[in-house]
Amino acid sequence: MIRIERRLEQPRWLFVAVPVLSIVIAFLFATVVLLATHHPPLHTFRRLFDAAFLDNGALTETFVSATPLMFTGLAAAVAFRMNLFNIGGEGQLYTGAIAGATVALLLAGAPSPLVIAAMILAGAAGGALLAAIPGILRAFFSTNEIITSLMLNYVVALFLDYLIFDSHSYLRDTSGFEASVFPQGKTLPDEATWPSWTIHGVVVPLGAVVAVVLACALWGLYSRTRFGFEVKVIGDSARAGRYAGMRTRRKILAVMCLSGAIAGLGGASQDGDFRHQLDPRGLTQANYGYAGIVVAALARYNPFAVVLIAFLLGGLQNAGFTLQGADFPNGLVGVLQGLILFCALGGELFVRYRVRFDRRQTTTAESAA
Amino acid sequence: MVHQHFRLVSPFTVAENVVLGDHRDIGRSFLLHTRAIERRVAELAARYGLAVDPRARIWQLSLGEQQRVEILKALYQDARVLILDEPTAVLTPQEADALFGTIRAMADDGRTVIFISHKLHEVKAVADRVTILRRGRSVATVPAADATPRSLAALMVGREIELGRRNGKHAVGEVCLQLDGVGADGDRGVAAVRDVSLTVRAGEIVAVAGVAGNGQRELAETIAGMRAPTHGTIRVRGRQLDGGDPREAIRAGIAYVPEDRLGTGVAPGLSVASNVVLKSYRRPPASRGPFLMLRAIRELAQSLMQRYDVRTSGPDVPARHLSGGNLQKVVLAREFSGDPIVLVAASPTRGLDVAGIEVVHSYLRGAAESGVGVVLLSEDLDEIRALADRIAVMFEGEVVGERDAQTATVEELGLLMAGGEEAG
Amino acid sequence: MNNSLLVVVLASGIAYGTPLLYAALGELLAERSGVLNLGVEGMMLVGAVMGFWAVQRIHAVTWLALLGAIVVAALASAVLAAVYAFLVVTLRANQIVSGLALTIFAGVAGLSSYLGNDLELAKSPARHQFQEVFPKSWQDLPVVGPILFGQSVLVYASWVCVVLVALYLTRTRFGLNVRAVGESPASADAMGINVTRYRYVHTLAGGAFAGVAGATFSLSITPQWVAGLTQGAGWIAIALVIFSFWRPTLCLVGAYFFGAFTALPFALQGHGVTVAPELFQSLPYVMTVLALVLVSSRAARLRFGAPAALGTPYVREER
């Protein structure tokens, strides 16, 4: 019989062994899936790895995929740590992108640093405002934030479509012949292009740098400040938080808005670093928000781990895009991500509990006999 | 087995609970024949004198009635051996006597009853033989007739312990807590506290006695600010509190040792050190400005743990791994270190062994001696009579009587607890 | 009269609401046993894709092919549900993150699209589709014609399912047991009920229903395979369980309510109303949020709460 007991201490090596083992097992499962659908596993994995990191320009492309994941991953981690399941990172990224693009267009002609700073602020504000909705509903009306934040994703996605495809909004490109036939967003002015640094041929965008700085700041916030202490307590036991005199409702709202702001920053980065226009199709198909949740869960909500895992998963994502085509399985990336996450979640059991195999028969629970 | 914490499904009826999971008799059929089941349960209840309505839903019942359902479950399954775990915690003294009668009837019926209790006089009242356990081992088995509370206690702890009462009056100071006509709603939206007026002076221990479920928990929460009062006033040293705000209560000098140790008094997943500064983290030395001073916190925790003899491997251990006694020491240590004016302790010794109870009692006495006004809410009359200066009895949300602890008898307290009229 | 906006919306509302109903019934069963499965969207998509695949492959008379497709869809989703059950019941993983993982794994960017692409299912419409059952003359009856008699077998079967699930929960011994498991697993365990087995069975049942729901999309509503064709219906179904207060009959009402909102934009277009479709398309989602707020108010929660043990793993040693 299998007995499960809670561990008193959690040995350090488990924290590394379990995630690594999960990835290995996930790849094993993926191998099974590939074999079942007549794709050569080793070859596929090799191609994935090359496309992610080794090929010419791969690392640059990986940064492109990883940067938004860093933002959405941090956003999810910030909230999930307090048992606030903000699934709305996707929508909050969109509103950040909308806000960022609007500000960039409005400030055309102003000095570049000003425009970029404004975009960053606007992106954060846009995300925070959207996140405030499920935040308020949860804090003051006890409404489950999972579903509310999720529903808003769909609403904002539709709004995004509306802005570019169905209206003649400020953001839509109405000049040129193609504009009315192939709607797209206005190209952002050059001042709104975010700088990047080229190191050994790899282009590192401003967004990535901002994300890393943000990760450090968040780590400090959560481990060294009163705010972080309160988040820890409330996340562990909301009642104990209230008992201690903490303002739990305000904290819930604050954390949701912080989470939304970070995701919104990711949206602004999309405008400024990569797309240079408001791009609904691209944004909605990328699913950065949901992938960010996977990143956060794998990183066990540690900000530095989020950056690292975002980079790895970004590589995976990048490989998926690059290899998309006739002979490469589409959707494999999602399958792999899901598998890795499953295995990591299952592995949690071994971190938290000690599993023992007993000789004895289980006594069924005390039935009065 | 009748557990200390009932294994009943709250939204279900009594009959449904009794018949749950049954594989024989009427339970065997695929479809539920509700009426037949209810009839069977009613018959059984009548036979053993356990008055309870088979159609009532569990959340509507008092704890005493719920216990009867648990016993009914055991009887329905024709248990030959019954195990009762701390059954009298939820009963008035008179109800407890009735329970002893039922137990003796079941024994006469040929069944075997194992009665787990830490209340030594009860053990004497109902048992034929007493087995004492210490640290998971059986230490001795004695015939009940030969045992005295003192000898049993000595066996339980391995040494002589002081079971005495609080003797002698000592200096009692100004009024530190004043409740006037306080009312509060319970979790279900119905008034749990109706009209409570209480005065507590510095240095005295005022006990609020009553059977669990009569509003004591809600009263404690209201004083501590965790529940908003619907009417009435709460005053600490003359200054009125708005109520409903734990932070205001903390600032006013109210310390609170909650009934729910692990989930409310302590954040179970956090370290002992974090829990020690749970209320004091906003001020130095635990923090400076917005930043936490981690080393200072650790030192604070270590010194408090030493002073209050909290036995654990270190301040970083997650709180949930502490024993009940150690956990309560942490809570008490934290509350006292805040220099409180009023200390509200709700069922502080629940679930503790005799040694733990002894420690808590000595801390409560110590607090009173250093001038704190102590409000002790407890279901254990022995404890109340040992500690209190004055005893207020709560029944259905109101204080139905106040007695001086030296002169009150168990009978009259029991009567008040059951809602009986005050004599005279 | 049968072409009036109201009738059209009601009739298509029932049609669009049917997958919601199936998925909600399944999730309701799982949640009654205490398991919160957020992977409904993913399971629906897998059911949709596998059901579609089956219908293209089965060479038989229409009704047999469709039946086979439904069975395949239900089985495929049940397999996924089994994986999920293993994770959260046996391995005691966090149910929320695990459910999300399931949706990501199986959803629009995952397994269902992988299979859809690999098996080249988007190329052609379904070989067999669910059609209306009753004769044309019945469908032409005023008002009730299109609403009641213009539906497919799936709709009528869903009504039967609602009745069966309701009876199961309230009138059978197993229904009582599963409700006990969801409210107080410790009590159920103490009475000799196998908590693990009940949770597995009901989670798998939830998966099977989700699979049928997905197949409703790919074989009846849009008889085609398009990646992500459920468009969040799985999430609405989860919300639906909450504001039906875990009662099957209210699920039916709610499902059709949301179905009507989903049908509204198309119906309006048919009537020549040209307003930006996105506005109406966002209505189901907005209504979900509003309804959820109403239902989560303290008063509502006090009277009609969730199964008390919903979402928490049961560890016997940790009672």
Side-chain angles (χ1 to χ4, degrees), chain B residues 1-38 57-60 66 69-70 72-74 76-77 79 83 85 185-190 192 227-228 262-263 268-269 318 320-321 351, chain C residues 31-34 92 94 163-199 201 245-247 296-310 312-319:
Chain B
M1 171 148 183
V2 176
H3 303 264
Q4 191 176 23
H5 300 289
F6 302 136
R7 301 292 168 80
L8 295 172
V9 185
S10 186
F12 285 7
T13 65
V14 170
E16 285 171 343
N17 268 283
V18 171
V19 133
L20 188 62
D22 188 26
H23 302 293
R24 343 143 295 162
D25 201 80
I26 33 173
R28 183 180 266 167
S29 64
F30 179 66
L31 290 175
L32 291 176
H33 304 294
T34 338
R35 236 162 307 212
I37 293 174
E38 283 163 9
R57 298 201 177 266
I58 301 294
W59 56 265
Q60 295 171 316
Q66 288 182 21
V69 177
E70 282 279 13
L72 221 63
K73 270 164 59 174
Y76 176 79
Q77 291 174 10
I83 308 173
D85 188 1
D185 285 341
D187 292 334
R188 295 212 161 248
V190 184
R227 198 174 279 270
L262 199 52
R320 66 159 61 89
H321 291 135
Chain C
E31 291 193 13
R32 281 289 195 159
S33 78
R92 297 174 175 82
N94 179 304
V163 173
L164 286 178
V165 171
L167 285 178
Y168 168 72
L169 285 175
T170 51
R171 291 232 184 282
T172 69
R173 178 160 59 91
F174 299 108
L176 185 70
N177 289 350
V178 70
R179 281 189 288 140
V181 168
E183 294 286 347
S184 173
S187 303
D189 193 14
M191 298 301 267
I193 297 174
N194 188 329
V195 171
T196 306
R197 196 187 304 162
Y198 270 85
R199 286 188 163 172
V201 167
F245 296 113
W246 290 269
R247 287 172 204 200
S296 303
S297 71
R298 272 206 86 208
R301 265 187 308 133
L302 280 178
R303 298 214 53 187
F304 308 109
L310 184 61
T312 39
Y314 177 56
V315 183
R316 182 188 282 170
E317 290 79 3
E318 252 187 27
R319 270 175 319 226

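The chains referred to below are lettered A, B, ... by the order of the sequence lines, with proteins before strands, and numbering in each begins at 1.
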### Summary
Of all heavy-atom pairs linking B/Arg7 and C/Ser187, the shortest is C-OG, 2.8 Å
### Query
Under a 4.5 Å cut-off applied to non-hydrogen side-chain atoms, are B/Lys73 and C/Met191 in contact?
yes
### Message
Please classify the contact between B/Leu20 and chain C as side chain, backbone, both or neither, with a heavy-atom cut-off of under 4.5 Å.
### Response
both
### Query
With respect to C/Ser184, which candidate in B/Val9, B/Ile58, B/Asn17 satisfies the side-chain contact (heavy atoms from CB on, under 4.5 Å) definition?
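The residue from B/Val9, B/Ile58, B/Asn17 that satisfies side-chain contact (heavy atoms from CB on, under 4.5 Å) with C/Ser184 turns out to be B/Val9.
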